[in-house]
Amino acid sequence: MPKGKLTFDYEHCKGCGLCVTFCPVHILYQDKNAMNSQGYNLIRITDEDKCIACATCALMCPDSIITVEVRK
Amino acid sequence: MEIKYQKSKGLTDKPLSYCPGCTHGIIHKLVAESLEELGVLDHTVGVASVGCSVFSYEFFNCDMIQCPHGRAAAVATGIKRTHPEDIVFTYQGDGDLASIGIAETIHAANRGENITIIFVNNAVYGMTGGQMAPTSLIGQKTTTSPMGRDAHMHGNPIHISEMFSQIEGVSYLERCSVHNPRQVRNAKNAIKKAFSYQKEGRGFTMIEILSTCPVNWGKTPQDALKWVEDEMTKVFPLKVFKDAGVESHE
Amino acid sequence: MANKVLMKGNEAIALAAVKGGVEAYFGYPITPQNEVSEYLSKYMFEQGRVFLQAESEVAAINMVYGAAASGKRVMTSSSSPGIALKQEGISYLAGSELPAVIVSVMRGGPGLGGIQPSQADYYQATRGGGNGDYHTIVFAPESIQETVDVMKESFDIADYYRNPVMILVDGLIGQMMEAVDFNKPTTKRFLPPKDWAAGGMNTHNGRNTVCSLYLDPYELERHNLKLQKKYQAAIQNETRFELVNMDDPDYVIVAYGTMARVVRSAIEILAKKKLNVGMIRPISVWPFPKAPFKNISRNCKGILVCEMSLGQMVDDVRIVNNGALPVSFFGRAGGIVPEPEEVVEAIMHFESRRVD
């Protein structure tokens, strides 16, 4: 099973949470005590090892915040 | 490491102006990715209509022309007729296309203009603060139908794709949605197919995409997607309305 | 001997446009200008240029907008109610700094009105029916020859200023036939390449956008002031008029287009009545010619403004005259072309009223 590596363009995230909602392995969450300059909570990963690089988070992100790379 | 997904080169660096969770953003990506993958960005001209997506003239990484409310299909006709080698598309909301611009859109389709229309249907006028649109559902409360849309007073939601499926000049017509990953992938295929048909000179293509307006619907982005799935798709069924071509393409 | 062609006004306008290098025409049927589209529908096809009859004047002006924004020489033609429908588009052309030529063949109004020649759209043309502080450069020729000459030049003028240009004629000029020389030389202008045009990134470097949206009021004001500079330049360079018998006139008549031709005959009749009457004939009605009013001779007894309307250009005359001389008005509405004798009578009335 491929492993994924996520990079977030935090500054332009609007905290809509669609990535969190649609991640099939539910490893994303909104960090209540970390915000970008616009006041939106940052997206964090609970356990990157569980990431299967399906890129659904990036697919559903309206603002192209997430880059997904496949770790061999 | 191999990149599985990244921001499309069909988008500029300008951050999108849309509200958090608004699916305009997703649809923009699908259009941008399609143009990028078809390798046509250097000879594409986009027409930004008036509505929330008026700012798309700053977001798509190709030449963009901002036009008067409702007139995108006519402006696109003027561009395509004088630049037949260019890929020309419009990006319009339901107020722009289904209300003030319906005549221009019908006649562009009827002439079989070789352009692609991206029609974003979110059942309200977003930019102006959530007024009733021709595609608002019966009973849908908006700032100009506070008691809910009433068929006797306001008529029924207008079915654009169904209407346009009757027009010969149309070569590809599909109604899609982006309310979950599967629908997003399907919408991408539809949009890319529409642009491919344009590249092949097959004539008018239009993709209607059900979209959300969390702020004006008074819903979270997630509930808004649910509302599209549960309510909008009942009134606006998702299907291919017309596909003139059968041969395969790349 | 110039080789002249006997031709109907509307068709001469169409051929002149082709000679002016028009690349695309978008129009819609409306009397009394239909022959412009009909002629071009054949000619443009033969020339491999773009012709399209739109579904409405609103669609037509927006097709013009698209072709202009992507860098092509483009025109449309219509009449009064049709020009009314195009006003928003014309405002967008000005706001987005796009060159285009709009031919307006005036007919009686308001509303559906009639189809006879009229000048009741002077305000519509010169005050601009669209929104915002903008101007359309408007020429009002009086003959088919003059219409052809200014039509040929109009695309260069539009390109030079990156602004809409209007050719304002009336149904009579559109419908009558006159002998026309299509090969009179026109002034050549240096026109920079259209590197701003949004015709696809492979035709220029960088990414071009054409837009009239400025949400920041300071930016929009800067944009407006930039447009005003262009209009000042147009006032300097594009103001055109003709003076007739203006050495030492007892009265001055101000008239343009078809009305001016009627006034020419009236001047001859008045001369026999020992009344020396001159004429200021604006050829550009925006910019309105101010200079000739400054040097009207001392003993001129008054200015009579004649229009085929109930008085619109008279406002501009009053503004420029600024109370220096008495101003009076004569006009017919509904599409009636006045007789010279009516103009003579108006002058005689002016004379009698002044004496008692």
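Residue numbering restarts at 1 for every chain, and letters A, B, ... go by the order of the sequence lines.
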In this structure, are over 12 heavy atoms from other groups packed under 6.0 Å from [X] atom [atom1]?
X	atom1	answer
C:D133	CG	no
C:Y123	OH	yes
C:N205	CG	no
B:I158	CD1	yes
C:Y160	OH	no
B:E168	CD	no
C:E221	CD	no

Task: Top of C:A67, C:G89, C:G206 for chain B proximity - count of heavy-atom pairs under 4.5 angstrom - done: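 So the answer, after comparing C:A67, C:G89, C:G206, is C:A67.
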
- [ ] Quick one: which of C:N62, C:V210, C:V50 has the most heavy-atom pairs under 4.5 Å with chain B, could you say?
- [x]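 With the most close heavy-atom pairs to chain B, the winner is C:N62.
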
Which pair of non-hydrogen atoms, one from [X] and one from [Y], has the smallest distance, and what is that distance?
X	Y	result
C:A197	B:D63	O-OD2, 4.0 Å
C:R207	B:N61	CD-OD1, 3.7 Å
B:Q66	C:L213	OE1-N, 4.2 Å
B:E104	C:S56	OE2-OG, 4.4 Å
C:S70	B:I65	N-CD1, 4.2 Å
C:C211	B:Y57	SG-CZ, 3.5 Å

Can you tell which part of [X] gets under 4.5 Å to a heavy atom of chain C, answering side chain, backbone, both or neither?
X	value
B:V54	side chain
B:H43	both
B:V50	side chain

For the atom pair [atom1] ([X]) and [atom2] ([Y]), what is the distance rounded to the nearest 0.5 Å?
X	Y	atom1	atom2	value
C:N202	B:T44	CG	OG1	9.0 Å
B:I79	C:Y65	CD1	OH	9.5 Å
B:T82	C:R73	OG1	CZ	14.5 Å
B:H69	C:E88	NE2	CD	9.5 Å

Open item on the list: I'd like to check C:Y92 versus B:V75 (side-chain heavy atoms, cut-off strictly below 4.5 Å). Are they in contact?
Closed with: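 No; the side chains remain at least 4.5 Å from each other.
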
Heavy-atom pairs under 4.5 Å with chain C, option from [options] with the top count:
options	value
B:T12, B:D42, B:T77	B:D42
B:E85, B:H107, B:E58	B:H107
B:G46, B:A73, B:G78	B:G78

Task: Residue part contacting chain B, namely of C:L52, when any heavy atom lies under 4.5 Å - done: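 Side chain only.
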
Task: Portion of C:S212 that has a non-hydrogen atom of chain B nearer than 4.5 angstrom - done: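 Answer is both: backbone and side chain atoms of C:S212 are under 4.5 Å from chain B.
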
